[in-house]
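Dropping a structure here in structure tokens format, bear with me for questions.
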Amino acid sequence: MVEYLLTLLMLMWEFFKAGLFAIGGGLATIPFIYDIAARYSWLDAAIVPDMIAIGESTPGPIGVNIATYAGYNAAGVPGAVLATLALVFPSMVVIILVSKVLKKFAENRFVDGVFYTIRPAVTAMIAAAGWTVLSTSVIDLSAVSAGWSFENLLAMFHPVALVLFAAAFAASKIWKKLHPIALIAAGAAVGIIFKM
Amino acid sequence: MRELIKMFLAFARIGAFTFGGGYAMLPMLQREVVERYGWTTESELMDYFAVGQCTPGVIAVNVATFIGYKRRGIPGAIFATLGVITPSIIIITVIAALISGFIGNEYVAHALAGIRAVVCALILNAVIKFWKSGVKDWIGILIFAAALALSVLTPVSPIIIVVGAALIGAALTLARGRGNGGAENG
């Protein structure tokens, strides 16, 4: 019992640190997980690849999914809940502090100017993230790396995925009220029916 | 209290249907918090993503905290954040506890392949919306092009890109201030 409570405390402390120092999104948590696994017996490094696969193939922020999975493996349901809460706590505090500062400078010409140029950059970064998904799921660039032949160009496209991509985009443009959830569910159904 | 619960549920919906991390969450955020509830604007959402990228923690959680705090202070921040993480806790715990073959399952793989194609379309849509409210002039177009090239072609950290864009913005503001110093008063 005492040992279990200690594990929970350690779990919270370690994920608190990961939440405080992992900058740049969910996958930045991975090195912290390896580090934890190396130092404690309650977390096995062998589960990390599964953890990443599950984190990426289930809904929700990847970093949160990883923390929940690791916490569950280390200490059951209480571990899952506490590891996740410990992970998000520091960033919550940081964001609240940043919000207070931004509020103070809301009308500031300088802050306005800075965000004016940040916005196009953020737009580009999201476009790049979309490109990363597109270039692995809808088109396959490795097909043309063998050479620019007609067959290779043709092999570059996954026909079902390409049609689905175009149809989803058209649908979201035509029916503005259509909820993204409906499109995601339709995508899952098409994927299963056509064995994508 | 009612709005806090509404906020929790909205962010739980977002958390439950975001596949592929923070950026994939953007279409859901635009629908729920900008278009449906009007809790924030397209431009503010962009600012939150930029700051969320450079502060510690998971971006999706950071954005949730931002919006919750803006709307309802600290209780809002807590409810929005708990909302976005609750589906993950439930889904992952169930998978870890019950479904040992989840990763190798062929139906899961097929469904995810379909979802990914749709997510691409949703992200494209989200980018168009951001473009409309965030890229105003040729400086914006240049920064967009440079940031896109850097993110796709080089392993440069997103933090560097955000900080770089911020420095350009700061320099331009300074230059403008010096060029027509009296202009802002009038």
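Note on naming: letters A, B, ... go to the chains in the order of the sequence lines (proteins, then strands), and numbering restarts at 1 for each one.
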Test of understanding: clusters of I, L, V, M, F, W, Y form through side-chain heavy atoms closer than 4.5 Å, transitively. Do A/I66 and A/M10 belong to the same one? yes
B/Y37, OH atom: more than 12 neighbouring heavy atoms under 6.0 Å: yes
Select one option (side chain, backbone, both, neither) describing which atoms of B/V162 are under 4.5 Å from chain A's heavy atoms.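 Both backbone and side chain of B/V162 come within 4.5 Å of chain A.
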May I have the step-by-step check of side chain to side chain donor-acceptor pair (under 3.5 Å) for A/Y116 and B/D137, ending in yes or no? CA-CA 10 Å; A/Y116 190 77; B/D137 48 25; 2.7 Å; yes
Which atoms of B/I91 are under 4.5 Å from chain A, going by heavy atoms: the side chain, the backbone, both sets, or neither? side chain
Would B/T81 and B/T65 satisfy side chain to side chain donor-acceptor pair (under 3.5 Å), going step by step from the backbone distance to the final call? CA-CA 5 Å; B/T81 307; B/T65 309; 2.9 Å; yes
Interchain contact, A/H179 with chain B, by part (heavy-atom threshold 4.5 Å):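 Both parts, backbone and side chain.
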Run the salt-bridge test on B/E3 and B/K6 with the 4.0 Å N-O cut-off and return the result as yes or no. no
A/I193 portion near chain B, given a 4.5 angstrom heavy-atom threshold: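 Neither part; nothing is under 4.5 Å.
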Please step through salt bridge (charged side-chain N to carboxylate O under 4.0 Å, His left out) for the pair B/E42 and B/K129, ending with a clear verdict. CA-CA 8 Å; B/E42 212 71 72; B/K129 284 182 192 166; 5.8 Å; no
Counting heavy-atom pairs under 4.5 Å to chain B, which of A/V88, A/I96, A/V163 comes out on top? A/I96
Heavy-atom contact with chain A under 4.5 Å, split by part of B/I89: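 Both parts, backbone and side chain.
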Of all of A/A185, A/A167, A/A127, A/P90, which one pairs up most often with chain B through heavy atoms under 4.5 Å apart? A/A127
Part of A/V122 lying under 4.5 Å from any heavy atom of chain B: side chain
Out of curiosity, A/F115 CZ to A/I118 CD1, how far, rounded to the nearest 0.5 Å?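 One gets 5.0 Å once the value is rounded to the nearest 0.5 Å.
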B/I85 versus chain A, the contacting section by heavy-atom distance below 4.5 Å: both
What residue, out of B/G68, B/A145, B/A166, has the most heavy-atom pairs lying under 4.5 Å from chain A? B/A166
B/F66 vs B/Y48 aromatic rings, parallel, tilted or perpendicular, using cut-offs 30° and 60°? parallel
Do A/K176 and B/E35 sit within salt-bridge range, that is, some charged N less than 4.0 Å from a carboxylate O? no
B/N125, B/L172, B/V163: which one forms the most heavy-atom pairs within less than 4.5 Å of chain A? B/N125
Answer key: most heavy-atom pairs under 4.5 Å with chain B among A/A83, A/S135, A/A186, A/A168 is A/A168
B/I78 versus chain A, the contacting section by heavy-atom distance below 4.5 Å: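 Both backbone and side chain of B/I78 come within 4.5 Å of chain A.
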Which answer fits B/L82, side chain, backbone, both or neither, if we ask what part of it has an atom under 4.5 Å from a heavy atom of chain A?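 Just the side chain, heavy atoms under 4.5 Å.
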For residues B/V84 and B/M25, determine if any side-chain heavy atom of one lies less than 4.5 Å from a side-chain heavy atom of the other. yes
So what's closer than 4.5 Å to chain A heavy atoms on B/A77: side chain, backbone, both or neither? both
Under 4.5 Å from any heavy atom of chain A - which part of B/R31: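 Contact with chain A: side chain only.
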Between A/T136 and A/H158, the two heavy atoms sitting closest are O-NE2, 4.3 Å
Residue, of B/A149, B/C120, B/A50, that accumulates the most heavy atom pairs under 4.5 Å with chain A: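 Counting heavy-atom pairs under 4.5 Å, the top option is B/C120.
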Which bit of A/F110 comes within less than 4.5 Å of chain B, counting heavy atoms only: side chain, backbone, both or neither? both
Of the listed residues (B/L150, B/V108, B/I143, B/V135), which shares the most heavy-atom pairs with chain A below a 4.5 Å separation? B/I143
Linked hydrophobic residues, A/F21 as query - side chain contacts closer than 4.5 Å: A/W13, A/F16, A/L20, A/F32, A/F89, A/V93, A/L97
Output the option from B/V127, B/I14, B/I92, B/L148 having the highest count of non-hydrogen pairs under 4.5 Å with chain A.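 Max contact count across the listed options: B/I92.
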Name the option with the most non-hydrogen atom pairs under 4.5 Å to chain A; the candidates are B/V61, B/L122, B/N62.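 Top option by heavy-atom pairs under 4.5 Å: B/N62.
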A/Y69 pairs by side chain to side chain contact (heavy atoms under 4.5 Å, CB included) with which of A/T84, A/I47, A/I52, A/T58? A/I47
Please determine whether the number of non-hydrogen atoms from other residues, nucleotides or ligands lying under 6.0 Å from atom NZ of B/K132 exceeds 12.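 No, not enclosed.
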If I measure from the heavy atoms of chain A, does B/A97 come under 4.5 Å with its side chain, its backbone, both, or neither? both
Toward chain B, the part of A/L178 with a non-hydrogen atom under 4.5 Å: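 The backbone, not the side chain.
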With a 4.5 angstrom heavy-atom cut-off, could you sort out which part of B/E32 is near chain A: side chain, backbone, both or neither?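 B/E32 touches chain A through side-chain heavy atoms alone.
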Shorter than 4.5 Å, heavy atoms on both sides: which option in A/G113, A/A67, A/G55 has the most such pairs with chain B? A/G113
Select, from A/L87, A/V77, A/V114, the one with the greatest count of heavy-atom pairs under 4.5 Å involving chain B.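 Going by pairs under 4.5 Å, I would pick A/V114.
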Best-contacting candidate, A/N73, A/V138, A/T123, against chain B by heavy atom pairs under 4.5 angstrom: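 The option with the most such pairs is A/T123.
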Heavy-atom cut-off 4.5 Å, strictly under: side chain, backbone, both or neither for A/T117 against chain B? both
Could you check whether atom OH of B/Y107 has more than 12 heavy atoms from other residues, nucleotides or ligands sitting under 6.0 Å from it? no
Aromatic plane relationship, B/F79 with B/F8 - under 30° parallel, 30 to 60° tilted, over 60° perpendicular: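 B/F8 and B/F79: perpendicular rings.
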Do you know the tightest heavy-atom contact between A/N65 and A/G60?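 Closest heavy-atom pair between A/N65 and A/G60: ND2-O, 3.4 Å.
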Let me know if B/S157 has heavy atoms under 4.5 Å from chain A in its side chain, its backbone, both or neither.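 It is neither, since no heavy atom gets under 4.5 Å.
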